[in-house]
Amino acid sequence: MSKNPMMTPRQRKEVDQSTFAGRFAVKLKAVREKKKMTIEELSEKTGIPQTTLYRWESTDRCPVNEQIVEVAKALGVKISSLIPEE
């Protein structure tokens with residue numbers, strides 16, 4: 001039985017760190033993983049849908065300021081730890 005080439009796992013695109021959204025994505029994922037929190041757990045603590053959090057980590061979308069504040073509180077970090085440097 002041969003494998004169907006169309007059934008391979010979807011590969012994640014490389015994060016474009018030349019944009020604010022890309023740098024934010026990298027920081028958010030790094031902080032979340034350092035805190036050993038899943039996207040599901042972060043969603044429960046913030047009330048932000050999991051799909052939105054996934055998009056933030058893949059740079060499809062970028063949060064508004066109030067959402068960054070909520071995520072920082074849920075992760076127990078300062079807001080500045082999530083804001084990428086220029």
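Numbers here simply count residues along the sequence, with the first being 1. All values reported here derive from a predicted model rather than from experimental measurement.
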>> For Pro63 versus Ile68, what's the shortest heavy-atom pair and its separation?
In response: CG-CG1, 3.6 Å
> Out of curiosity, Leu53 CG to Leu42 CG, how far, rounded to the nearest 0.5 Å?
Replying inline: 5.0 Å
> Roughly how far, to the nearest 0.5 Å, is OG1 of Thr59 from CZ of Phe24?
Replying inline: 11.5 Å
> At their closest point, which heavy atom of Arg23 faces which heavy atom of Gln17, and how far apart are they?
Replying inline: CG-O, 3.1 Å
> Is the count of non-hydrogen atoms from other residues, nucleotides or ligands lying under 6.0 Å from Lys27 atom NZ greater than 12?
Replying inline: yes
>> Tell me which pairs pass salt bridge (Lys or Arg N to Asp or Glu O under 4.0 Å) where either residue lies in residues 30-44, with sequence neighbours left out.
In response: Arg32-Glu57
Could you pull out every donor-acceptor pair under 3.5 Å between side chains of residues 72-80 and any protein atom, sequence neighbours left out?
none

> Got a sec, which residues hit side chain to side chain contact (heavy atoms under 4.5 Å, CB included) with Pro49, two or more places apart in sequence or on another chain?
Replying inline: Thr51, Thr52
>> Can you give me the closest heavy-atom contact between Thr46 and Glu70, atom names plus distance?
In response: CG2-O, 3.7 Å
> Which atom names give the shortest non-hydrogen contact between Trp56 and Ala25, and what distance separates them?
Replying inline: O-CB, 3.1 Å
